[in-house]
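Structure record follows, encoded as structure tokens.
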Amino acid sequence: RLSVGTMDEEAGKDAAIEAEKQRLQMAAVLYRALRSAEDDLANARPPTRAQLAEACHSKLQYDFPIVNAAELNALTEEMAGEIAEGTAPGSFTYPVTSALINAAVEGACKPAPGAGSAPGISGKSRKADDRDREDAGAGGAGTEPAVDGEPAVDGGAVCIAYQRLCATTLVHFTSRVLAM
């Protein structure tokens, strides 16, 4: 004959066994999902220059864009290609907008991290408080964090890419005006 205490112990053991089965099933599902994500990442193709340029152009339409040097360089090269091809003014893939100009000029004027102050859009040197607020990632000109053990990207490369974009945008805009 079983006592109440023995039945409680049996029920507790069954519950513990069931909980352990569920934990193992969850771990198996998680393992398969991680393995699948790892395989997807290994088989993923890097984005094309046009995809990077499109993403960059889209990001630069908003305040405080977070872009990297590769995206900026891709946009610069794509815009330069449009200029070289003599694309008709109405058919530019990457239109010059005021938001694009503002972001490019602001990024180009931002000093590399640790380089001191530089003039902003107004041409006046910014105060330390303004720089500190902006260095929190605004404009993407700060040092980018390391990803998966790769070294962090130099913020100076982003600034140079913004400067190249400024120059290309000026030529792009001028070519559009001349084509009218």
Side-chain angles (χ1 to χ4, degrees), residues 37 40-41 44-180:
D40 290 346
L41 185 59
R45 293 186 182 134
T48 65
R49 185 175 76 182
Q51 290 169 329
L52 285 173
E54 185 177 332
C56 183
H57 188 270
S58 177
K59 290 176 185 179
L60 292 174
Q61 302 309 308
Y62 300 97
D63 293 337
F64 310 113
I66 306 281
V67 295
N68 60 40
E71 291 173 320
L72 290 165
N73 288 331
L75 179 58
T76 300
E77 291 167 13
E78 288 289 313
M79 290 177 78
E82 285 185 348
I83 296 166
E85 292 171 6
T87 307
S91 63
F92 281 115
T93 306
Y94 309 102
V96 177
T97 63
S98 62
L100 175 71
I101 300 281
N102 286 338
V105 170
E106 192 65 37
C109 290
K110 189 169 185 130
S117 67
I121 290 177
S122 66
K124 297 178 183 173
S125 203
R126 295 183 296 232
K127 293 185 236 171
D129 292 342
D130 294 338
R131 283 194 316 276
D132 291 343
R133 241 177 285 141
E134 291 179 8
D135 285 344
T143 301
E144 297 175 19
V147 178
D148 294 334
E150 295 177 12
V153 177
D154 179 17
V158 174
C159 187
I160 291 169
Y162 269 119
Q163 291 168 356
R164 288 185 60 226
L165 180 61
C166 277
T168 302
T169 304
L170 176 63
V171 173
H172 194 272
F173 181 73
T174 306
S175 68
R176 286 182 64 184
V177 170
L178 293 174
M180 293 179 159

Considering only heavy atoms from C-beta outward, does the side chain of Leu165 approach that of Met79 to under 4.5 Å?
yes

Inter-residue atom distance His172.NE2 - Thr76.OG1, 0.5 Å rounding:
11.0 Å

Does Gln163 have more than 12 heavy atoms from other residues, nucleotides or ligands lying within 6.0 Å of its CD?
yes

So the salt bridge (charged side-chain N to carboxylate O under 4.0 Å, His left out) pairs with at least one residue in residues 68-78 (sequence neighbours excluded) are Arg49-Glu77, Arg49-Glu78, Lys59-Glu71

Under the side-chain contact (heavy atoms from CB on, under 4.5 Å) rule, collect the residues that match up with Gln51, sequence neighbours excluded.
Pro47, Thr48

Ala167 meets the side-chain contact (heavy atoms from CB on, under 4.5 Å) criterion, sequence neighbours left out, with none

Nearest heavy atoms of Tyr162 and Ala103, plus distance in Å
CE2-O, 3.5 Å

Kindly compute the distance separating CD1 (Ile83) from OG1 (Thr168), expressed to the nearest 0.5 Å.
6.0 Å

What is the minimum heavy-atom distance between Ala70 and Leu52, and which atoms define it?
O-CD1, 4.3 Å

Supply the atom-to-atom distance Leu60 CG to Thr97 OG1, rounded to the nearest 0.5 angstrom.
8.0 Å

Measuring only between side-chain heavy atoms, which start at C-beta, is Leu75 closer than 4.5 Å to Leu100?
yes

Which distance, rounded to the nearest 0.5 Å, do you find between the SG of Cys159 and the CZ of Arg164?
13.0 Å

Enter the distance from Asn102:CG to Asp63:CG here, rounded to the nearest 0.5 Å.
8.5 Å

Between the OG1 atom in Thr93 and the NE2 atom in His57, the distance rounded to the nearest 0.5 Å is 9.5 Å

Output all residues satisfying side-chain contact (heavy atoms from CB on, under 4.5 Å) with Thr174, sequence neighbours left out; order by chain, then residue number.
Leu170, Leu178

